[in-house]
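Presented below is the structure to which this report refers.
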Amino acid sequence: MNASHKYMTYQYTTDDYVRDHALLIILLTLFIAAIIISLLVRESRNRKRYSAEIEKSRNELADALKAAKEASHAKSTFLFNMSHDIRTPMNAILGFTELMEKHGEDPVRRSDYIGKIKSSGEFLLSLINNVLEMSRIESGKADLNEMPWSVEGFNDSIYSIFDEQMKAKGIEFIREIYVEHEYVYCDTLKLRELFLNILSNAYKYTPEGGKIRMVVRELPSDREGCAVLRTEISDTGIGISQEYLPHLFEEFSREHTTTESKIKGTGLGMAIVKRLVELMDGQIEVESELGKGTKFTVTIPHRIADKSVFLKEVATDVRLDEFSGKRILLAEDNDLNAEIAMELLKDAGFEIERAQDGTVCVDLLEQAEGGYYDLILMDIQMPNMNGYDATRTIRSFKDPEKANIPILAMTANAFEEDKREAYRCGMNGHLAKPINVRELMKELANILG
């Protein structure tokens, strides 16, 4: 064999072909297997993550459903209680009105029926006020309107409201005041509402022969110019069960219904108290035991006020003859409200003319001679032109005598922002409906005096 042909040619056999293809298939299989394993691992991780997320979502949905059910139950309970508590005074008002029609000639019965109708109406108004106050606080619209006030004077006003009631029920009502700073800034209306709610419950749930004690103490304050007042109101009443105590400040909550306890209420009073205390940056604590009584402790910080800026409330003695010949323009679209106001004002010696809405009010004033009307009583919510717009229009009159006529809001828009809006648009005062005759006459005397 020649040297040039020493290397033999390799023949690629069928066995080689099978072997190579088998190796390729194995490699492809391993590659695919690796991909599948990677996908399975990733899927497993995703499943775990998704499972955790699903479980979290399930728990959140369960919590939301539970909260929704509780809220629905609370609202249902509230509506049930409100339905009952509103119908009770309404039944009394309608019932005693019918009895007055039958026995109105008997002065003793008539006086008794009128007293009961008035009492039922006042309770009905308190229900409405409580619901509205709770709504305002929850919506964040409640704010403080602070002014200088006397701690002792404020305490006197609260005490005087319940003193006669306590005596009539045979309850010993004790009060004590230990303060260094007599004058502080506070929102007297909200503070009054807070303590009236607590004292009202103490009065209602303390039986004859019991004792109620109200003690005010000034605590040391680490804030300069600030006084911390702690008020303790304790009673020897029926007390509150330990099971119910944690729910005391919940909305619409009552340990016993009106039917069970025979005591009126909506279950909003204590919730309002708690929100008002928090609004004033204070704290409230309650201790109670069934059969032994209850003690509320309210601690609220106040800015210290100087006696020189103390705005003391002075009662105005109103003589009816001083209103004789004074002419009022009453802007009121509601016929019943207008009739009530006109009769009350006529009894006080006023001459009254009525405008059915803001537009008519503006027209009547514009057409009248200067000085013809002495004052305008202005409703707010009226058709065609509301009270705010009517006031702004009047204040823009060229005739200064007409443009500067006193305008007093007398409206069911009774919130603090309504009062501020009344002053912003140029009104001289603000009174809330239902009409308090004493407050109305006092305000009229202040403006017209």
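Side chains are part of it too, since the values below use all heavy atoms of this structure and drop only hydrogens, waters and symmetry mates.
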So OG1 of T236 and CD of E172: to nearest 0.5 Å the spacing works out to 9.0 Å

Quiz item: Does CD belonging to Q283 count more than 12 external heavy atoms closer than 6.0 Å?
Solution: no

Report all side-chain donor-acceptor pairs from residues 335-342 shorter than 3.5 Å, counting only partners two or more places apart or in another chain.
residue : atom : partner : partner atom : Å
D335    : OD1  : R354    : NH1          : 3.1
D335    : OD1  : R354    : NH2          : 2.9

**Prompt:** More than 12 foreign heavy atoms under 6.0 Å from CD of Q165: is that the case here?
**Reply:** yes

**Item:** Main-chain N/O of C425 paired with R392 side-chain donor or acceptor, under 3.5 Å
**Value:** no

inquiry  = Under a 3.5 Å threshold, yes or no: a donor from one side chain and an acceptor from the other, between Y372 and Q367?
reply    = no

Taking K190 first and then E193, would you say they form a salt bridge - that is, a charged N and a carboxylate O separated by under 4.0 Å?
no

* Asked: Does a salt bridge link R230 with E232, judged by any charged N lying under 4.0 Å from a carboxylate O?
  -> yes

**Request:** Answer yes or no: is there an ion pair linking D156 with R175, defined by an N-O contact shorter than 4.0 Å?
**Result:** yes

Strictly below 4.0 Å, N to O, side chains only: are D112 and R109 in salt-bridge contact?
no

Here the side-chain hydrogen bond (donor to acceptor under 3.5 Å, both in side chains) pairs for residues 214-223, sequence neighbours left out, are H181-E218

Query - Residue pair L364 / L329, side-chain heavy-atom distance below 4.5 Å - result: yes

Side-chain donor-acceptor pairs of residues 292-305 under 3.5 Å, sequence neighbours excluded:
residue : atom : partner : partner atom : Å
T294    : OG1  : S288    : OG           : 2.8
H302    : ND1  : Y185    : O            : 3.1
R303    : NH2  : E146    : OE1          : 3.2

Can you tell whether the side chains of K433 and D379 come within less than 4.0 Å, N to carboxylate O? yes

Could you tell me whether R327 and E369 have a side-chain N and a carboxylate O separated by less than 4.0 Å?
-> no

For this session: Quick one: sort the F173 and Y159 rings into parallel, tilted or perpendicular, breaks at 30° and 60°.
Result: parallel

